[in-house]
Structures are given as structure tokens and as C-alpha cells.
Amino acid sequence: MRCSKAALRLLLLVLFAFSVSSAKAQVVLDYSADLANQNFFGNNPVARAALEAAVADVNRVIEPNFNAITNDVTVGTSGGGSTRLEFDFSYSYLNPATGVRETIADTRMPENEVRIFVGAQNLSGSILGQGGSGGVGFALSGFVGGGSLQDAVADAERNAQHRRGGGPLIASLNGDVNGVDYSFGVGPTIGNLWFDQDTNNDGIADDTATLEANWHFDHTTDVAAGKSDFYSVALHETLHALGFGGSESWNALVNGTEFLGEDFIEINGTGLNAVAGDGAHLASGLQGRSLVTGELQEVVMSPSIRRGTRKHLTDLDVAAMSDFGFQSITAIPEPGSMAVLLVIGSTVFAGRRRRA
């Protein structure tokens with residue numbers, strides 16, 4: 001039996017208030033591209049603290065149950081090995097400092113880890129940040145002997161380690177081998193996000209000593225008038241890097257501007273006009289209940305944010321995530337125990353760009 005709208009909101013607020021950091025690896029930030037280029041976060045420790053606070057808050061409402069990826073070569077055989085196919089997987093992401101696509105040949109990944117590559121670039125106009133998920137592909141090799149090619153493909157498909165168990169379906173790799181169809185589901189793996197390093201477009205990288213910069217970096221203080229809150233944008237882009245707005249599971253719940261998710265509708269009362277026109281965000285002006293303050297605010301996943309304001313995760317952001325594949329909790333934990341709101345996935349196959 002479903003909870004009432006008020007009960008669901010109260011449950012989310014209590015869970016968020018009592019949650020603590022999990023010992024498991026969850027969203028892991030990778031600064032290697034930034035360090036090798038602009039070193040934006042090395043030169044801006046206050047900005048780095050805000051980003052890590054945002055990711056910590058995301059980690060407070062997710063509990064991954066992703067299987068480890070132990071071998072990036074998926075093998076299918078038949079006929080006692082006389083027919084053998086090798087699908088050598090690789091991942092790719094957009095370098096967050098340069099915009100160049102990078103390839104990860106070795107796709108092995110620890111249990112429960114989702115890795116996000118972060119950095120900063122000069123972004124045009126009023127774009128504050130962009131995020132998306134990584135891509136995936138494979139090189140095919142092997143030989144066909146006396147065994148059935150169809151059986152070999154089916155054998156390879158049974159090795160579903162890149163699906164990583166539960167959570168949303170981020171994308172599918174579909175095609176055929178000599179007329180025999182294959183399909184590999186892809187689960188949460190990697191993502192990328194970057195921020196505008198020159199918000200006032202004056203050619204000087206923003207930092208805490210640059211008064212002209214339009215960022216408000218310090219997540220522990222109120223957002224200054226006329227400034228854009230770095231913490232809020234970090235929350236938004238982290239969720240995009242985890243697949244919000246672009247996974248196959250998300251797309252299956254979007255019908256024009258209507259969102260079909262049951263948990264979302266239970267809280268919001270309707271899914272009509274809940275999705276922005278781009279299909280990748282919740283609608284502008286949509287109000288959810290902040291998991292920090294308990295007050296109504298515009299959802300984190302709307303397409304934009306007003307200067308001088310800060311957003312926290314809301315019940316509607318979390319409900320939408322639950323609907324497209326993240327497992328919700330149904331009991332309130334004791335204070336000091338781990339609160340599990342969602343089991344979260346990441347990465348969108350196409351690596352779509354997002355705006356905050």
C-alpha cells in the first residue's frame with residue numbers, strides 16, 4: 001500500500017536528516033584531468049569543498065548495489081569452443097578540462113563505484129556547468145567453427161557484468177554479428193562534469209580572490225546577491241552525470257512534458273507539465289520540499305537557477321530518481337544508522353551536455 005503524499009515527504013525529510021556517510025564507495029570524483037590542465041580545484045579549495053559537499057549530499061540519498069566489473073572482455077562460445085566471440089569493451093568520457101573525448105580501455109571497476117571526471121572550462125554566455133554520462137563500445141573479434149554463432153552470441157549476452165546488476169538501464173548496445181542480433185545492457189559506470197571558470201567572461205579564471213567573478217563558492221555561507229551558487233550547480237550537474245535526464249530508464253518515463261513515474265506523481269499529485277521542454281530536466285518553477293530546510297523550493301533539476309539563491313535536494317528530485325531505477329527505502333532508520341533512500345546508477349550512453 002502506498003504512503004500518503006504527506007507521509008512520503010516526511011519520510012524523505014527524516015531519512016535525509018538522520019543519514020550518515022556510507023562506508024561503501026559511491027560517487028567518486030576524479031580530478032586527474034583538472035590537475036593536468038587548469039588545476040581549477042587545486043587553486044580553488046573553497047570551490048572543491050562545495051563540490052565535495054554536494055556529492056556527499058547525493059551520496060546520502062543513494063546506496064549503490066552495483067556489481068564489480070572484473071573483465072572488460074566478454075566471451076561467448078559454442079560447439080565446445082569451436083566458435084568463439086570476444087567483445088572487448090571500452091568506456092569514453094569528455095575530458096572536463098579540454099572537451100576532448102578520452103577512452104578508457106580497461107573497464108574493470110570495483111563494486112559499487114561510479115566515477116565522475118571533473119574540471120572547469122570557459123563556457124559561453126550564461127552557462128554555468130555541464131554534465132553527462134560516459135559512452136561505451138567494444139571491439140569484436142573471434143572465429144566461427146563448427147559451433148552455432150547464435151549460441152555464441154547468447155552465451156556472451158549472459159555475461160551481463162556491464163549491466164552491473166540492479167538500478168536503471170543507462171543504455172543498450174544493439175547490433176548484429178553476421179545477421180545474428182545482440183544486445184548488451186549498460187549500467188552505471190562513469191560520467192563527466194565541468195563548470196564555467198570565467199563566469200563574467202573577462203578572460204580571467206574565477207577564484208575566491210577575484211571579486212568580479214559571478215560564482216559564490218562558499219557553501220557554508222548565504223549566497224551573495226548577484227552571485228551564482230557553486231554548490232547548487234554542483235548538485236545539478238552531479239545528477240546529470242549520474243544519468244538524470246538521459247538514461248533509457250528516464251526516457252521511458254517521459255511523454256512530452258509529462259512524467260509518468262509513480263513515486264513522483266504520488267508526491268506531486270500529477271506528472272502533467274512536470275518535464276521541461278528539452279526532456280532532460282524537471283519543469284521550471286516546479287516546487288518540491290527541501291530535504292534540508294523542509295521548505296518548498298524550486299527543484300534542483302529545473303533547467304536554471306536564479307542568482308543569489310541556493311537549492312538543496314528536494315523530495316521531487318529524489319522521487320524522480322527512484323522512478324527511473326533507484327530503489328526507495330520503506331522504513332525509517334534509527335538515528336545514526338545509514339539512511340538508504342535510493343540505489344543509484346550513472347552514466348548516459350551518449351554523453352549529452354547539460355546546463356544548470
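Quick caveat, the model's predicted, so the values are computed rather than measured.
When side chains are defined from C-beta on, His236 does not count as touching Ser302, because their heavy atoms never get closer than 4.5 Å. The closest side-chain heavy-atom distance from His240 to Gln130 is not below 4.5 Å. The closest side-chain heavy-atom distance from Thr309 to Asp229 is not below 4.5 Å. A heavy-atom distance below 4.5 Å is not found between the side chains of Val75 and Asn159. No side-chain heavy atom of Arg307 sits under 4.5 Å from any side-chain heavy atom of Lys227. Between Leu291 and Asp317, every side-chain heavy-atom pair lies at or beyond the 4.5 Å cut-off. Looking at heavy atoms from C-beta onward, Ile305 lies in side-chain contact with Leu128 at the 4.5 angstrom threshold. Using a 4.5 Å cut-off on side-chain heavy atoms (C-beta onward), Thr270 and Asn268 make contact.
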Should Ile62 and Val27 be marked as a side chain to side chain contact (heavy atoms under 4.5 Å, CB included) after you check the CA-CA gap, both sets of side-chain angles, and the distance that decides it?
-> CA-CA 9 Å; Ile62 64 175; Val27 178; 3.9 Å; yes
Test log, rule side chain to side chain contact (heavy atoms under 4.5 Å, CB included), inputs His312 and Val300 | CA-CA 7 Å; His312 299 283; Val300 165; 5.7 Å; no
Might you work through the side chain to side chain contact (heavy atoms under 4.5 Å, CB included) test for Asp323 and Phe259, ending with a clear yes or no?
-> CA-CA 10 Å; Asp323 281 324; Phe259 190 69; 3.7 Å; yes
Could you please spell out the steps behind the side chain to side chain donor-acceptor pair (under 3.5 Å) verdict for Asn112 and Gln26?
-> CA-CA 6 Å; Asn112 296 324; Gln26 296 185 15; over 6 Å; no
Tell me, with the steps shown, if Asp88 and Phe138 meet side chain to side chain contact (heavy atoms under 4.5 Å, CB included).
-> CA-CA 5 Å; Asp88 188 355; Phe138 60 77; 5.5 Å; no
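The NE2 atom of His216 sits 7.5 Å away from the CG atom of Asp222 when rounded to the nearest 0.5 Å. Atom CD of Gln197 is separated from atom CG of Asn37 by 10.0 Å, given to the nearest 0.5 angstrom. Residue Gln150 holds its CD atom at 10.0 Å from OG of Ser78, rounded to the nearest 0.5 Å. Separating the CG atom in Leu235 from the CG atom in Asp57 is a distance of 6.5 Å, to the nearest 0.5 Å. Note: Glu157 CD to Phe184 CZ = 5.5 Å, rounded to the nearest 0.5 Å. Here the OG-CZ distance, from Ser172 to Arg163, works out to 8.0 Å after rounding to the nearest 0.5 Å.
With Tyr91 as the partner, the side-chain contact (heavy atoms from CB on, under 4.5 Å) test is satisfied by one option alone out of Thr189, Thr103, Asp106: Thr189. Between Phe89 and the choices Val73, Leu173, Ile69, Asn71, the side-chain contact (heavy atoms from CB on, under 4.5 Å) rule is met once, by Leu173. Among the candidates Val118, Asn59, Leu193, Leu29, the single residue satisfying the side-chain contact (heavy atoms from CB on, under 4.5 Å) test with Thr238 is Leu193.
Trp215 has its ring centre no less than 6.0 Å from the ring centre of Tyr231. Between Phe40 and Phe195, the distance from one ring center to the other does not fall under 6.0 angstrom.
A donor-acceptor contact shorter than 3.5 Å is absent between the side chain of Ser82 and the backbone of Gly145. Between the side chain of Asp196 and the main chain of Asp198, a donor-acceptor pair closer than 3.5 Å is present. Side-chain atoms of Asp34 come within 3.5 Å of backbone N or O of Phe41 as a donor-acceptor pair. Side-chain atoms of Glu258 never come within 3.5 Å of backbone atoms of Gly271 as a donor-acceptor pair (strictly under, hydrogens ignored).
No path of Ile, Leu, Val, Met, Phe, Trp and Tyr side chains, each step under 4.5 Å between heavy atoms, connects Leu169 with Val114, placing them in separate hydrophobic clusters. Residues Val223 and Val233 do not share a hydrophobic cluster, defined by chaining ILVMFWY side chains whose heavy atoms lie under 4.5 Å apart. Residues Leu140 and Val153 share a single hydrophobic cluster, defined by chaining ILVMFWY side chains whose heavy atoms lie under 4.5 Å apart.
When all heavy atoms of Gly99 and Leu94 are compared, the pair lying nearest together is O-CD2, 3.8 Å. Closest of all the heavy-atom pairs between Ala283 and Val299 is O-CG2, 4.4 Å. Closest heavy-atom contact between Phe324 and Pro168: O-CB, 2.9 Å.
For Gln297, the CD atom counts as densely surrounded, since its 6.0 Å shell holds more than 12 non-hydrogen atoms of other residues, nucleotides or ligands. The number of heavy atoms from other shown groups lying within 6.0 Å of CG (Asn201) is above 12. In this structure, Asp176 places its CG atom where more than 12 heavy-atom neighbours from other residues, nucleotides or ligands lie under 6.0 Å away.
Aromatic ring pairs are classed by plane angle as parallel below 30°, tilted from 30° to 60° and perpendicular above 60°; the pair Phe244 and Trp250 is tilted.
Using a 4.0 Å cut-off between charged nitrogen and carboxylate oxygen, Asp30 and Arg115 count as a salt-bridge pair.
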